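First comes the structure, then the notes that go with it.
For reference, positions follow the sequence shown, starting with 1. None of these values were measured; they are calculated from a predicted model. Ligands are counted one by one from 1 in listed order, and the atoms in each one are counted from 1 as well.
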Amino acid sequence: MDFKIEKMTISDLEEIKDVLEKDFDDFWKVNTLKEELLSNYSYFITIKLDKTNEILGFAGFKKTLDTADIMNIVVRKDFRNKKIGKKLLSSLIKKAKEQDIKTIFLEVNSKNLPALKLYENIGFKKIGIRKNYYKNSDGINMKIELD
Ligand SMILES: CC(C)(COP(=O)(O)OP(=O)(O)OC[C@H]1O[C@@H](n2cnc3c(N)ncnc32)[C@H](O)[C@@H]1OP(=O)(O)O)[C@@H](O)C(=O)NCCC(=O)NCCS
């Protein structure tokens with residue numbers, strides 16, 4: 001399978017908005033994502049199947065000076081565990097470097113094992129825990145230094 005990674009646009013969001021909760025994830029609302037896409041401080045990318053242009057996932061960060069926070073990374077449910085998340089995150093980190101970002105932070109639910117694994121595989125380190133940040137679990141803060 002060949003993939004292409006591009007900057008995410010409002011028309012990408014239009015394409016997936018009706019299946020966002022069902023096929024991707026339910027933790028972000030379409031309007032919040034739209035605001036992110038329109039913000040000068042945010043940068044989102046999509047990963048598409050090269051042949052059909054189908055959107056398989058997206059991810060983005062918000063910039064503050066020379067740091068960034070990962071806002072979201074989602075892979076379509078039927079394409080998970082095929083290293084697409086890894087491709088997305090690697091590309092996002094590359095984009096962050098190009099924008100002179102030195103450190104990337106994120107927060108992840110301690111029960112979200114695939115996400116934790118993905119972040120650790122890429123080189124994120126745990127830097128703190130927010131007890132009961134989520135309903136029945138902790139938030140784990142992680143960061144990666146870029147060179
Ligand atoms: C997190 C997410 C983006 C990962 O995407 P993906 O394409 O499946 O990621 P990858 O295939 O690159 O990596 C997933 C890793 O988790 C591992 N994994 C999967 N299920 C797991 C589990 N139950 N326990 C431990 N590890 C698990 C996989 O084996 C893989 O690790 P490996 O590469 O060492 O084998 C995807 O699961 C997703 O969209 N989740 C819903 C949204 C979400 O929670 N986003 C993160 C918010 S902070």
Side-chain angles (χ1 to χ4, degrees), residues 1-37 39 41-64 67-97 99 101-146:
M1 269 189 293
D2 290 323
F3 305 100
K4 59 183 173 198
I5 293 182
E6 301 168 337
K7 191 170 191 290
M8 188 170 180
T9 63
I10 295 286
S11 73
D12 290 326
L13 182 60
E14 290 293 323
E15 191 183 318
I16 55 172
K17 72 172 199 289
D18 294 335
V19 294
L20 193 61
E21 291 194 21
K22 180 169 75 75
D23 293 350
F24 289 84
D25 206 83
D26 60 2
F27 64 83
W28 268 42
K29 295 285 163 270
V30 171
N31 279 343
T32 318
L33 259 174
K34 195 168 183 178
E35 279 169 28
E36 286 298 318
L37 292 181
S39 161
Y41 299 102
S42 293
Y43 189 88
F44 273 69
I45 55 175
T46 53
I47 186 160
K48 296 180 184 174
L49 210 49
D50 199 34
K51 255 190 187 163
T52 60
N53 269 331
E54 263 174 281
I55 298 172
L56 303 183
F58 59 92
F61 59 71
K62 190 187 276 290
K63 265 177 86 161
T64 313
T67 70
D69 287 277
I70 304 263
M71 304 301 290
N72 208 346
I73 175 161
V74 190
V75 170
R76 212 172 84 181
K77 285 176 185 167
D78 55 344
F79 273 86
R80 287 183 190 167
N81 290 319
K82 297 179 193 293
K83 315 271 184 213
I84 292 179
K86 188 177 182 184
K87 286 191 178 66
L88 260 178
L89 191 56
S90 306
S91 178
L92 203 58
I93 288 175
K94 198 166 149 237
K95 292 291 173 197
K97 279 185 188 167
Q99 296 181 31
I101 286 163
K102 303 280 183 255
T103 316
I104 304 180
F105 297 93
L106 61 84
E107 182 158 278
V108 54
N109 187 322
S110 59
K111 288 188 177 160
N112 191 345
L113 299 181
L116 267 168
K117 189 78 201 294
L118 169 65
Y119 298 141
E120 277 170 350
N121 282 350
I122 292 267
F124 277 85
K125 305 283 180 231
K126 291 180 184 167
I127 51 168
I129 290 181
R130 284 214 239 176
K131 280 279 166 204
N132 296 316
Y133 183 70
Y134 300 94
K135 232 184 197 163
N136 291 311
S137 54
D138 302 332
I140 298 186
N141 295 101
M142 305 183 87
K143 78 165 180 179
I144 189 168
E145 302 283 356
L146 309 182

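Between Glu14 and Lys17 there is a salt bridge, with a side-chain nitrogen of the basic residue lying less than 4.0 Å from a carboxylate oxygen of the acidic one. We find that Glu35 and Lys29 are not joined by a salt bridge, their nearest charged nitrogen and carboxylate oxygen being 4.0 Å or further apart. We find that Glu6 and Lys48 are joined by a salt bridge, their nearest charged nitrogen and carboxylate oxygen being less than 4.0 Å apart. A salt bridge does not link Glu145 to Lys102: none of the charged side-chain nitrogens sits closer than 4.0 Å to a carboxylate oxygen.
Among protein residues, Asp25, Phe27, Ile73, Val74, Val75, Arg80, Asn81, Lys82, Lys83, Ile84, Gly85, Lys86, Glu107, Asn112, Leu113, Pro114, Ala115, Lys117, Leu118, Tyr119, Asn121 come within 4.0 Å of ligand 1, judged on heavy atoms.
Taking the six-membered ring where tryptophan is involved, the planes of Phe61 and Tyr43 are essentially parallel, since the angle between them stays under 30° and well short of 60°.
The closest donor-acceptor contact from the side chain of Lys111 to the backbone of Asn136 lies under 3.5 Å.
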